[in-house]
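So the structure is just underneath, and the comments pick up after that.
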Amino acid sequence: MALNLDAIGRKIGPVTKEYGWKDAVLYALGVGAGFDELEFVYEKDLKVVPSFAIAVVFEFLSHIASGANINLAGILHGEQDLTMHAPLPVEGKLVTSGKITHMYDLGKDKGAVVVGESTTCDDKGRRLFSSTIRLMARLDGGFNGEASPKVKIGFPDRAPDFEIEDHPSADQPLIYRLSGDIFQLHVDPEFAKMAGFEKPIMHGLCTHGFACRALVKSLIPGEPERMHRLNCRFSRPLYPGDPVKIQIWKTQEGKAVWKVINAKTGETVINNGVFEYGDIPKDEIRFDGRVAIITGAGGGLGKAYALELARRGAKIVVNDLGGARDGSGEGSATPAQKVVDEITAAGGEAVANYDNVATPRGGENIVKTALDAFGTVDIVINNAGILRDKSFMKMEPEHWKAVLDVHLNGAYHVTKPAFAVMREKGYGRIIMTTSAAGLYGNFGQTNYSAAKMGLAGFMNTLKLEGKKYNILVNTVAPLAASRLTEDVLPEELLEKVKPEFVAPMVLFLASDRCEVSGRIYNAGMGCFNRAAVVTGPGTTLGDGTEEPAIEDIAANLSKIAAIKNGKEYFELNEAVADVINAFS
Ligand code: NAI
């Protein structure tokens, strides 16, 4: 038996699960709730222990294990990251879809790590929670795979702010298993011995539930629906009956780190805990767990995108060369670093990158920065830009080339390595930045217009190549006050057209709520519309075998040029099919 490496990226689900209030109560009893937390066990004004979210989709988790072909004698829950997007109802129907994203190799003796990501919605399609699970496959290592990246949570150097003692009973797993995880390791003494344990062990997720109750009790008493994120690493098995201490350090408003100690042995059984809490805005479009690259994000529009994406949970690579408006000069780290500082000061995550998008090397480095810092790339916003305006007769090759290199080639250089990552993971959102100058024309900007319209062509084909991998490619034509437009737009307009008015459109296109691909949207000042290439119905001249005369064109030009009743094609084949059909 070996891990099935082909399962990486393959979609799992949708797996549906219906549950009632008694399931929520049974879970609460399984994780130690009782008379002193009546809200979790009494159907009157019942509330759900938030960690129930993971237990209730156990069947989906087991599909990850079976899809990866993990040897069950060596399987353990390694890490669990749960993000709530809306409070879990006390009963309902859940629909979970996801995939295995990675299989890491720890070596023959240590085993492997299988990572699965999923999103769970209610039956109306409303996102309820997302999960990332890391399963330890202790008997499946040594396949010469990639090593697992290590993440360590820093604990404050002081006594915990809260320490809650709890006493899982000697029979705890017998109740907990009725919530779905009926794996023999937690009930069958023979199986437990075969797997190398003295006796059946606690389910990691059962101890996790004890910790969740303690965190709620300490930080959001009586308001479990305000839990936003629960993340941890299971570091040692715990035997039923061993007492535990849940240690909690509040690190900032809305955030705490935590661990669970075996009070008998002093060993840490759950480590690296993170707990985030606060009001979960209803149906807010979030980017938790997503990694976004924004080029030219040291100022103007890119900065507005970066700040809002970070505020909504994305991890950001803030790229900016920091050069002059026409792209000249050595460049400076300051603009990108300042945006990173602003994001981190607000509690977000970001790294700066100062590479030049105009070179293939620069593009690769930008994507490498995302992979090194955050392990992946989900979103690319190609935004970096310069201007070298000249009327056409004064447009020298260096003006032409510099502008095409940053806008058009720059988008290619960054998108290419990012697309490889997105294809692998089966998810991506790419945004190109065009301009009204390209779409409609603007005196003195032939270089810029050509580059900006080139991006629309780039999108048209990339949307086809990305489709099967859930990579959506769209384009925005912004209108905003920035250093690029400070002497182009009238002063009274500059005060009104803030970059923040463009950001909602770009962020929507960057979100998992976006389902369109290949679209161009104008956005500015709160005005939004779509621009498209529309092909008119035209006319046929002759029978398709004889060449029409030039005079036929002249005589029929108004019919040929008519756009009324025109249509949009999604790809070249549709347009060619219409030509062929016109004569059939
Ligand atoms: P901006 O000048 O404030 O932002 C562009 C950023 O790109 C700058 O911070 C600059 O340092 C950076 N940059 C330039 N060359 C770079 C390179 N080679 N590598 C990495 N970074 C580089 O201007 P704004 O207005 O925010 O422009 C953003 C995008 O929006 C540009 O692509 C621009 O063409 C486009 N656009 C803007 C419009 C507007 O009304 N502001 C209108 C239409 C398009």
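Below, all heavy atoms of this structure are taken into account, side chains as well, without hydrogens, waters or symmetry copies. One-based numbering, in listed order, for ligands and for the atoms of each.
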For residues 494-505, please give each side-chain donor-acceptor pair under 3.5 Å, one per line with the distance, not counting sequence neighbours.
none

Report all N/O contacts between ligand 1 and the protein shorter than 3.5 Å as a table of atom names and distances to 0.1 Å; if there are none, say 'none'.
| from | atom 1 | to | atom 2 | distance (Å) |
| --- | --- | --- | --- | --- |
| ligand 1 | 2 (O) | Arg483 | NE | 3.1 |
| ligand 1 | 7 (O) | Gly385 | N | 3.3 |
| ligand 1 | 9 (O) | Asp320 | OD1 | 3.4 |
| ligand 1 | 9 (O) | Asp320 | OD2 | 2.6 |
| ligand 1 | 11 (O) | Asp320 | OD1 | 2.5 |
| ligand 1 | 11 (O) | Arg483 | NH2 | 3.3 |
| ligand 1 | 18 (N) | Asn356 | OD1 | 2.7 |
| ligand 1 | 19 (N) | Val357 | N | 3.1 |
| ligand 1 | 21 (N) | Leu321 | N | 3.3 |
| ligand 1 | 23 (O) | Ser482 | OG | 3.4 |
| ligand 1 | 25 (O) | Ser482 | OG | 2.5 |
| ligand 1 | 26 (O) | Leu301 | N | 2.8 |
| ligand 1 | 32 (O) | Asn383 | O | 2.8 |
| ligand 1 | 32 (O) | Lys452 | NZ | 3.0 |
| ligand 1 | 34 (O) | Tyr448 | OH | 2.6 |
| ligand 1 | 34 (O) | Lys452 | NZ | 3.2 |
| ligand 1 | 40 (O) | Ala480 | N | 2.8 |
| ligand 1 | 40 (O) | Ala480 | O | 3.1 |
| ligand 1 | 41 (N) | Ala480 | O | 2.9 |

Student check: side-chain heavy atoms of Cys232 and Trp258 closer than 4.5 Å: yes

Sequence neighbours left out, cut at 3.5 Å: what donor-acceptor pairs do the side chains of residues 327-337 make with other protein atoms?
| from | atom 1 | to | atom 2 | distance (Å) |
| --- | --- | --- | --- | --- |
| Ser328 | OG | Asp326 | OD1 | 2.6 |
| Ser332 | OG | Thr334 | N | 3.0 |
| Ser332 | OG | Thr334 | OG1 | 3.0 |
| Gln337 | OE1 | Tyr354 | OH | 3.1 |
| Gln337 | NE2 | Asp341 | OD1 | 2.9 |

Identify whether the distance between the nearest side-chain nitrogen and carboxylate oxygen of Asp355 and Arg361 falls below 4.0 Å. no

With sequence neighbours left out, what residues match Arg388 under side chain to side chain donor-acceptor pair (under 3.5 Å)? none

Inspect the contact between Glu568 and Arg519 and indicate whether a charged nitrogen and a carboxylate oxygen are less than 4.0 angstrom apart. no

